[in-house]
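Throughout, a chain's letter reflects where its sequence line sits, starting with A, and its residues are numbered from 1.
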Amino acid sequence: IVPTVSSPACFALHPQVFIMAHVCIHWFRKGLRLHDNPALMAALRDCKELYPLFILDPYLYDQNRAGINRLRFLISSLQDLDCSLRKLNSRLFVVRGKPEEVLPKLFTKWNVTKLTYEYDTEPYSRSRDKNVTMLAEEQRIQVSYKISHTLYDIDRIIEENNGKPPLTYNRLRDIVKALGSPKKPIPAPTVEDMKNIAPFSEKHKPEYGIPSLEELGLDTSSLAEEIFPGGEQEALRRLDAYMQRTGWVCSFEKPNTSPNSLSPSTTVLSPYMTFGCLSARTFWWRLAEVYQGVSHSDPPVSLHGQLLWREFFYTASVGIPNFNKMTGNPACTQVDWDENQEYLAAWREARTGFPFIDAIMTQLRQEGWIHHLARHAVACFLTRGDLWISWEEGQKVFEKLLLDGDWALNAGNWQWLSASTFFHQFFRVYSPVAFGKKTDKNGDYIKKYLPILKKFPPQYIYEPWKAPRSVQQAAGCIVGKDYPKSIIEHEVISKKNIQRMKQAYARRPSGSTESPTKKQGNFVYFIC
DNA sequence: CACTGAGTTGACATA
DNA sequence: TTATGTCAACTCAGT
C-alpha cells in the first residue's frame with residue numbers, strides 16, 4: 001500500500017514508501033518557456049496536480065510602463081505557452097492582480113502544497129518574491145526556485161569578485177572564466193514527465209483565460225503589423241534559422257553590423273531573452289556547437305560576447321544600489337542634466353529635425369525594436385551629446401516602447417551611453433548626421449520611416465535644412481512646415497556639452513577610484 | 001604610490 | 001576603399 005495523501009499517520013506507519021504528492025503552482029513571470037526550465041521540472045516532481053500560472057501584475061504591465069507592442073508580445077508569448085502546455089494535457093492559468101494578494105487566495109482555493117518559480121534578480125521581483133515566500137510559508141507551502149534566466153548565478157559572480165560587481169567587461173570575463181562554462185540547458189518536459197499529473201479539469205475553462213489586448217483596455221486600431229511575434233516556438237524557430245547560417249554566426253562582430261539596414265542586421269532574439277521565451281544557456285550552447293572546430297569571432301564582439309554583455313549588466317544591476325537612478329547610485333557620475341520638456345518631447349515624438357534620429361525613434365515606436373547602434377545614436381543625442389537630458393528620461397521611454405525593455409540592460413546601457421557609468425570617453429560623441437551615413441549613404445532607412453522625406457536627394461537627406469528652397473519644393477517637403485527644423489546645432493552644442501561633462505567628472509568624489517577596503521563609505525554598498 | 005595599457009561600436013583628415 | 005593617426009582626454013585595473 002502506497003499512501004498518496006499527506007498525513008502524519010501515514011508518514012509514521014510507512015516512512016520508506018511515503019510519497020508526498022503535491023498540488024503545485026509553477027509561477028511563470030519571465031521564463032515563458034518549457035525548455036531549460038528547471039523550476040518547472042522541480043514542480044513536476046512528486047506532483048499530482050499542476051497549476052501553471054501567470055499573474056498580470058498591474059505594477060509591471062501598467063500601460064505607462066509597458067507599451068502596446070510589448071503587451072502584445074507578452075500576450076502572444078502566453079498564448080504560445082498555453083498551447084505548449086495543452087500538448088502536455090495541461091494549460092496556462094492567467095489571473096490579474098498584485099501577486100501578494102492573488103497568490104494566497106489561490107493557495108487556499110486549489111489546496112496548494114508547493115510553489116516553484118525562476119529566480120529573478122530585479123529589485124522589485126526580489127522584494128515581491130520575498131513577500132510571497134513569507135505568505136506561502138504561513139500556509140505551510142513548500143517554495144522552490146531555480147536560477148535559469150542568466151548564464152550564471154549572478155551572486156556567485158559578485159562573490160568571486162570579492163563582493164563587488166566588475167565594472168569592466170574584461171574583468172567579468174576573467175571571473176566567469178574562473179567559474180567555468182555555463183550549465184547545459186535541460187530539455188522541456190514530455191508527456192512521460194507528466195504521466196502522474198491529473199489532466200486539467202474542464203471546470204476551469206471559462207476562468208483564467210489569456211486576455212486580449214482589447215480586454216486589457218487597449219486601443220488596437222493603430223497597431224502595426226506584428227513583425228516579431230512573441231513565444232517560445234517563434235524564439236526557437238528564429239534561433240534555428242540563425243544558427244543554420246554558420247558562416248554568419250562565426251564572423252559576427254557587433255560593431256560591424258548596421259544600425260540602419262532595412263531589415264535587422266542582428267538576430268532580434270533579445271525580446272525572446274527578455275521574456276525568457278529563449279533560454280540564455282540554450283542560446284549559448286547552440287552557439288558553442290556552431291563554433292566547434294571552426295574559427296570564429298570572440299567576445300566582446302561575438303554572439304557569445306553579446307550574452308556576456310547581458311551577464312555584465314545583470315551583475316552590475318545586482319551589485320550597485322539604485323541602479324536605475326543617478327541619485328543614490330554610487331557608481332554613476334552625478335551630472336547636472338537639464339529639465340527640458342520641449343526637447344524631451346521632440347526626441348520622444350520623433351521631431352528633432354534630425355532625420356536619422358527621428359527615423360530611429362519612429363521605428364522604435366512602430367516596431368518595438370531598433371538596432372543596438374541606433375540606440376547608441378539616440379541615447380547619446382538625448383543625453384551628453386546634444387539635448388543634455390537625464391538618461392533616466394530616456395530609460396523610461398525605452399522601457400515602454402522596446403519589446404526587449406529589460407530592467408537591468410536598459411539601465412546599464414543608458415548609463416553607458418550617457419558616459420555616467422562603465423564608459424568614460426565622453427569626448428567621443430555620435431554625430432546625428434555623420435554616424436548613419438557610414439552604413440546608409442542614400443538614406444533609404446530614413447525614407448522608410450519618414451516618408452515625408454522620400455524625395456529628398458541623398459546629398460541633403462541627413463540635413464534637410466541645408467537644402468536650397470528649390471530642392472525642398474521639388475521634394476514636396478518644406479523644412480519648418482512639413483518636417484521640423486533641427487532643434488539644436490550639433491556642432492556647437494556637442495562641444496559645449498563635452499565641457500559640461502568634463503566639469504561633472506571633475507566633481508566626482510576622488511575616493512570613487514580607490515579600492516573598497518581602503519576608504520570607508522564609498523564602496524560599502526557592494527558588500528551589503 | 002605612480003604609471004601604463006586597454007577600453008565592443010566617434011569624427012575627421014590623410015595616406 | 002580601407003587603414004591609420006589626431007583630436008582631447010576619461011576611468012579602471014593591474015603592475
Side-chain angles (χ1 to χ4, degrees), chain A residues 160-162 164-175 251-261 265-266 296-313 315-316 319-320 330-335 356-357 360 370-381 383-386 409 412-413 415-441 462-463 490-519 522-523 526:
Chain A
E160 195 70 20
N161 195 43
N162 307 314
K164 307 166 291 177
L167 295 177
T168 61
Y169 185 81
N170 280 335
R171 183 75 194 144
L172 178 109
R173 278 190 76 188
D174 289 345
I175 301 294
S251 61
F252 184 92
E253 292 186 348
K254 187 67 164 283
N256 293 338
T257 58
S258 166
N260 47 6
S261 49
S265 62
T266 51
H296 56 85
S297 55
D298 283 305
V301 295
S302 65
L303 283 166
H304 260 178
Q306 304 314 301
L307 290 171
L308 291 178
W309 278 108
R310 180 170 180 268
E311 219 68 7
F312 174 77
F313 288 119
T315 308
I320 299 170
C332 181
T333 303
Q334 305 295 301
V335 178
F356 182 55
I357 300 297
I360 294 168
I370 50 177
H371 186 275
H372 188 64
L373 291 178
R375 303 181 195 199
H376 279 218
V378 296
C380 184
F381 186 86
T383 59
R384 65 186 169 90
D386 296 275
L409 304 187
N413 279 296
Q415 284 171 80
W416 183 292
L417 262 301
S418 62
S420 299
T421 315
F422 313 116
F423 175 83
H424 309 281
Q425 290 160 286
F426 55 73
F427 39 88
R428 292 189 181 172
V429 177
Y430 289 84
S431 162
V433 172
F435 187 67
K437 280 186 188 170
K438 285 194 287 189
T439 44
D440 179 21
K441 215 161 178 279
Y462 283 86
E463 304 166 279
H490 173 74
E491 290 70 22
V492 178
I493 208 160
S494 62
K495 282 194 178 66
K496 215 180 274 177
N497 287 349
I498 288 173
Q499 292 311 307
R500 282 183 88 170
M501 211 62 201
K502 190 179 170 175
Q503 287 163 16
Y505 268 70
R507 289 191 293 267
R508 277 163 62 110
S510 58
S512 61
T513 56
E514 291 182 31
S515 74
T517 46
K518 203 166 249 173
K519 191 149 187 171
N522 284 312
F523 273 71
F526 284 142

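Side-chain contact check for A:Ser431 versus A:Phe356: every heavy-atom pair is 4.5 Å or farther apart. You'll find the side chain of A:Asn497 stays beyond 4.5 Å of the side chain of A:Arg384, heavy atoms only. Between A:Ser302 and A:His296 the shortest side-chain heavy-atom distance does not fall below 4.5 Å.
Aromatic ring pairs are classed by plane angle as parallel below 30°, tilted from 30° to 60° and perpendicular above 60°; the pair A:Trp416 and A:Phe423 is parallel.
A distance of about 22 Å separates the P atoms of C:dT11 and B:dA11, rounded to the whole Å. When the P atom is compared between C:dC10 and B:dC12, the two are found 22 Å apart, to the nearest whole Å. Nucleotides B:dG7 and C:dC7, compared at atom P, are 23 Å apart to the nearest Å. Going from the P atom of B:dT14 to that of C:dA8 covers 15 Å, rounded to whole Å. With both ends at atom C1', the span from C:dA13 to B:dC1 equals 15 Å, rounded to whole Å.
In this structure, of C:dC12, C:dC10, B:dT8, it is B:dT8 that holds the atom nearest to the side chain of A:Val301.
Rounding to the nearest 0.5 Å places CD1 of A:Ile175 at 9.5 Å from OG1 of A:Thr315.
The distance from atom CZ of A:Arg384 to atom P of C:dT11 is 14 Å, rounded to the nearest whole Å. Counting to the nearest Å, the C1' atom of C:dA13 and the CZ atom of A:Phe312 are 13 Å from each other. Look at CG on A:Asn170: it is 16 Å from P on B:dG5, rounded to the nearest Å. As a whole-Å value, the separation of A:Lys496 NZ from C:dA8 C1' is 19 Å. Rounded to an integer number of Å, the gap from CG of A:Asp174 to P of C:dC12 is 17 Å. Rounding to whole angstrom units, CG of residue A:Asn497 and C1' of C:dA8 are separated by 16 Å. In this entry the distance linking OH of A:Tyr505 with C1' of C:dC12 reads 11 Å, nearest Å. Taking atom NZ of A:Lys164 as the reference point, atom P of C:dG14 lies 8 Å away to the nearest angstrom.
Dashed line: the shortest gap from a side-chain N or O of A:Arg171 to OP1 or OP2 of B:dG7 is not under 4.0 Å. For C:dC10, the OP1/OP2 oxygens have no side-chain nitrogen or oxygen of A:Lys502 closer than 4.0 Å. Of the side-chain N and O atoms in A:Arg375, none sit less than 4.0 angstrom from OP1 or OP2 of B:dT8.
No option in A:Lys495, A:Lys502, A:Met501 other than A:Lys502 meets the side-chain contact (heavy atoms from CB on, under 4.5 Å) test with A:Gln499.
A donor and an acceptor atom, one from each side chain of A:Asn413 and A:Arg375, are nowhere located under 3.5 Å apart. Looking at A:His490 and A:Asp386, their side chains do bring a donor and an acceptor atom within 3.5 Å of each other.
Nearest approach of A:Thr257 to A:Phe252, heavy atoms of both residues: CG2-CE1, 3.9 Å.
Between the A:Tyr462 side chain and the A:Gly436 main chain, a donor and an acceptor come within less than 3.5 Å of each other.
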- Query: If you write DNA chain B from 5' to 3' in dot-bracket form, with Watson-Crick or G-U pairs under 3.5 Å, [ ] for crossing pairs and | for pairs with another strand, what do you get?
  - Reply: .||||||..||||||
- Contact pattern, 5' to 3', of nucleotides 9-15 of chain B - B, S or - by protein heavy atom under 4.0 Å: BBSS---
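Counting any heavy atom pair closer than 4.0 Å across all strands shown, A:Glu253 reaches no nucleic acid atom.
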